[in-house]
Amino acid sequence: MRLDRFLWWARIAKSRERAQEMARDGHFRMDGRAIDRAHAPVRVGSILTFAQAGDVRVLRVESLPLRRGPPAEGRACYCDLVTSPVSDVDGSPYAA
């Protein structure tokens, strides 16, 4: 499944356009490799790392969604491994 479709169907991104922007910005990693394209393939077991709303999110893909259903159905497609605040260079979680 394409990365942008997965992000949208799993309700990580509010729109498919936003999911494409997230992937193209180059701030996305899949299995440790930088991703800069929205059509990168996502598979069960893939580890996705990205910044979202001031947090670093690390997700493991548990299943591929069949549709863009309710939020609970989207959350069942991934496991949130780590959520930590993005820190500044000095280690402070608050930007100056």
- Task: Return each pair, listed once, that meets ring-ring contact (aromatic ring centres under 6.0 Å, His included) where at least one residue sits in residues 2-41; pairs must be two or more places apart or across chains.
- Result: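 As it turns out, the ring-ring contact (aromatic ring centres under 6.0 Å, His included) pairs with a partner in residues 2-41, which skip direct neighbours, are Phe28-Phe50.
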
Would you check if [X] and [Y] make a side-chain contact, meaning some heavy-atom pair closer than 4.5 Å?
X: Val58; Y: Leu48; result: no
X: Ile12; Y: Gln52; result: yes
X: Leu81; Y: Ile47; result: yes

Quick one: closest heavy-atom pair of [X] and [Y], and the distance?
X: Ala38; Y: Gln20; value: CB-CG, 3.9 Å
X: Pro41; Y: Met30; value: O-SD, 3.3 Å
X: Glu62; Y: Val44; value: O-CG1, 3.4 Å
X: Met22; Y: Ala13; value: SD-CB, 4.0 Å

Once you round to the nearest 0.5 Å, how far does [atom1] of [X] lie from [atom2] of [Y]?
X: Arg33; Y: Ser46; atom1: CZ; atom2: OG; result: 8.5 Å
X: Ile35; Y: Asp25; atom1: CD1; atom2: CG; result: 13.5 Å
X: Arg43; Y: Leu64; atom1: CZ; atom2: CG; result: 10.0 Å
X: Cys77; Y: Leu7; atom1: SG; atom2: CG; result: 11.5 Å

- Item | Test: Arg24 and Asp36 ion pair at under 4.0 Å |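 Looking at Asp36 together with Arg24, the answer is no, because their closest N to O distance does not fall below 4.0 Å.
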
- Any salt bridge between Arg2 and Asp4, counting N to O under 4.0 Å?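 Judged by the 4.0 Å cut-off on N to carboxylate O distance, Arg2 and Asp4 do form a salt bridge.
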
- Query: Checking salt bridge (Lys or Arg N to Asp or Glu O under 4.0 Å) for the pair Arg57/Asp55: CA distance, chi angles, key distance, verdict?
  - Reply: CA-CA 6 Å; Arg57 295 190 69 188; Asp55 292 333; over 6 Å; no

- Task: Could I get the full list of salt bridge (Lys or Arg N to Asp or Glu O under 4.0 Å) partners for Arg11, not counting sequence neighbours?
- Result: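 Arg11 satisfies salt bridge (Lys or Arg N to Asp or Glu O under 4.0 Å) with no residue once adjacent residues are dropped.
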
- Return the set of residues passing salt bridge (Lys or Arg N to Asp or Glu O under 4.0 Å) with Glu73 (not counting sequence neighbours), or none when no residue passes.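 Salt bridge (Lys or Arg N to Asp or Glu O under 4.0 Å) list for Glu73, sorted by chain: Arg67.
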
